[in-house]
Amino acid sequence: MSASRSARAIWAILRKECRSEWRTRYGLNAALLFALTSLTAVSFAAGRLGDRSDLLAAFLWIVLLFASLASLSHTFVREVEGQTLPMLRRVASPTEIVAGKLLFNLLFLVVIELLTIPLFLLLMAAPAPQWGAFLGVLGLGSLALALASTLIGALIAQTRGRGALFAGVSFPLLLPVLAAAVNGTRAQWQNLPVASELRLLAAYGAALLAVSVLLVDHLWEE
Amino acid sequence: MTGNNVVLAVALLVWGLLFYYLLRLEGRIRKLEK
Amino acid sequence: MILRGILLLWIAAGIILAFTWAPLVPVLQETTRVLYFHIPSAWVTVLALGWSMVASVLYLYRRRLEYDDHAGTAAELGLLFCIGATVSGSLWAKAMWGSYWNWDPRETSIFFLLLVYVAYLALRGAIDEPRRRARLAAIYSVAAFVAVPFLMFVVPRLYDTLHPDPIINPRGKVDMDNRIRMVFTGMLLGFTGLFYWMLNLRVRVLRIERRREDQGRPMEVAGA
Amino acid sequence: MTPAAPQAAAAAAMRIECRGVGHRYSAGRGLDPVSFTLTGPGLAAVTGPNGSGKSTLLRILAGLLRPVAGDSVVSVSGREVPAPERRHVTGWLAPELQFYGEFTVRENLDFAAEARGLAHGREAVLNAARAVGLSERLGDRAAALSSGLRQRLRLAFAILGDPPVLLFDEPGSHLDEAARERLAAFIQERRTSARVLVATNDSREWSLADERITLGTRDLGDPS
């Protein structure tokens, strides 16, 4: 099983996911809806938070969390509901499947961020972020968020009620990401160093990746 | 000090009840295991 | 049976001594008493989580449902002790600092463990087929194992920086004289013994249930 | 990795063996332990009453299901293929096989060929489609296919890339007379160079088998 064949398989799965998403558009709509509604609710409730960078950071990441909780498990739920999992398992190994879907979830998260973050900064009258630190925390945070959501998504897709459990079951694994990301985003607005948060996010992301690699083979064995 | 004694008594009572319940449970389990 | 007798007397003695013989930690006054229950239940919470995770890894490796029984039961008991630790912790915080909850690092880490337990048991509750439940719960358990160190030691510190509270935090290092230490360690052992006894009972019940279920279809199943 | 060696030699070193392979679902259904050995190319039929585990056996051989008891061996051109790798050397067809409704027949098959990394993927797709009579339907959406056409798509998917081992679970279901004859002709032609296992209760399908594995009864053995 050469590495280049795996890379091709992962690429094929990523393209398949994007095409499915483009054709059904289910996930994107749900996520954008959630992002925009929580954004409006937040900006309506809290108003212009110019100087309160801790609240800004918290609200930003809550909006992103809601958007991802609404949609990041869908890539697996769709396979189970469409009963296409056996076919997928015949054409790719569990590692390739999870890798392809992880990249899709990451891409999906980036698309949501491109749409909601500018709007968030505008609506909340946030001070201009320090783009280097801000994007660093956002990037590593999104990576860890996607990693945890993909692994948990694969689990809850096989339970009764499918996605219903996704938020509750994934939350303990998302909490470290949320805490570090909020803290980092706040720090960059207060011109404080974000190095420790970046290290934390990177370490947690690496730990999740390592554990996922060990566990994916057990995800589907029936 | 009486406050303490009340809490002490309650704690002992709770522990006694829990122990008794577990003991009886174990008895029934042993019977089922035969 | 002797062992059970020892456990009965051991914890009873611990309770009595905690209230009568052991002196008070100067700064904590009467509230020291609750520590004899709060910290052992916190200890069992962590012990039970570790036991459940080890059992989960063993299940993934050996595929014997026996290990899954341990993983599930340890989590159920762990949740009980975790609730006990959280409640006694917040009662103690009320007595000491006047508020039930103030994100003190130790409180938050126990609370985050509560979240892990609830999530794990919710996942188990949502899967009917025993083997699938065992497999998926084991996967979650190992994933949570990675998150626990971050939840226990990293996130609470972040909360401290996020909400630096003016309230003084006296509970840095409790300086215990040897009498307190003796009763305290005794209670720790007693609680651990109680945990393993309850675990043992529940696992035996699960084994009986499975044997009865299989009686209808005798099939030698390697290792099940 | 279809065997590069000349077809005959590779085919000769083909072997499928089950040693006490058994599985138990919680609902009581499952597969009672079965043992058999099939060597070289040929057509074997797997028969037995409903619920005797025909599908379960094929899923285990295909590497999709990890059995509770026993182990199975599939070796092609002398090399034993572990369960995770079986998808490369086996073609599996079963009623539960579903495809992406929002994609066309061609898109589904192209995706399968590409993900499996088949050399000349496009060509393999066209050959498979032609072999099952789907060539004109390549542009249709999978969701819009009739049950007969969907069964042909399953067949095309299973024979994609000419795997040396074919595991067909009730391949004839939903097929019209013409498609059934095409299927029979295909199996007759492939049985000389590939190892074909057909799970069925349709006597037309198992009557021409070299070997027959009967499940759900205690006495197992080759047809005398």
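These numbers come from a predicted model, not from an experiment. Chain identifiers are assigned alphabetically (A, B, ...) following the order of the sequence lines, protein sequences preceding nucleic acid strands; residue numbering begins at 1 within each chain.
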Can you tell me which of C/Leu113, C/Ile139, C/Leu115 forms the most heavy-atom pairs within a distance under 4.5 Å of chain A?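 Top count of heavy-atom pairs under 4.5 Å with chain A: C/Ile139.
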Counting only heavy atoms closer than 4.5 Å, note whether C/Arg133 contacts chain A via side chain, backbone, both or neither. neither
For C/Ala143 and A/Leu151, which heavy atoms make the closest approach, and how far apart are they? CB-CD2, 3.8 Å
Considering non-hydrogen atoms only, spot the tightest contact between A/Leu208 and C/Val146 and give its length. N-CG1, 4.2 Å
Given heavy-atom pairs under 4.5 angstrom as the criterion, report whether the side chain, backbone, both or neither of [X] touches chain C.
X: A/Leu155; result: both
X: A/Leu178; result: neither
X: A/Tyr204; result: both

Using a strict 4.0 Å threshold on nitrogen-to-oxygen distance, state whether A/Glu222 and C/Arg135 make a salt bridge.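 Salt bridge between A/Glu222 and C/Arg135, a charged N being under 4.0 Å from a carboxylate O: yes.
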Is A/Glu221 salt-bridged to C/Arg63, cutoff N-O under 4.0 Å? yes
Nearest 0.5 Å, what's the [atom1]-[atom2] distance between [X] and [Y]?
X: C/Leu151; Y: A/Leu173; atom1: CG; atom2: CG; answer: 7.5 Å
X: A/Ile152; Y: C/Leu136; atom1: CD1; atom2: CG; answer: 10.5 Å
X: A/Arg160; Y: C/Asp128; atom1: CZ; atom2: CG; answer: 4.5 Å

Atom [atom1] of residue position [X] - does it have more than 12 heavy atoms of other residues, nucleotides or ligands inside 6.0 Å?
X: C/Trp43; atom1: CH2; result: no
X: C/Phe145; atom1: CZ; result: no
X: A/Trp189; atom1: CH2; result: yes
X: A/Phe34; atom1: CZ; result: no

Do A/Leu200 and C/Phe150 have side chains that approach each other closer than 4.5 Å (heavy atoms only, starting at C-beta)? yes
Do the non-hydrogen side-chain atoms of C/Tyr140 and A/Pro172 ever get within less than 4.5 Å of each other? yes
Sidechain-backbone polar pair: C/Arg132 side chain, A/Gln158 backbone, donor-acceptor under 3.5 Å: yes
Evaluate side chain to side chain contact (heavy atoms under 4.5 Å, CB included) for C/Leu60 paired with A/Leu215, printing each intermediate quantity in order. CA-CA 9 Å; C/Leu60 284 180; A/Leu215 292 173; 3.8 Å; yes
Check the pair A/Ile156 / C/Leu123 against side chain to side chain contact (heavy atoms under 4.5 Å, CB included), numbers first and verdict last. CA-CA 7 Å; A/Ile156 54 95; C/Leu123 181 68; 4.1 Å; yes
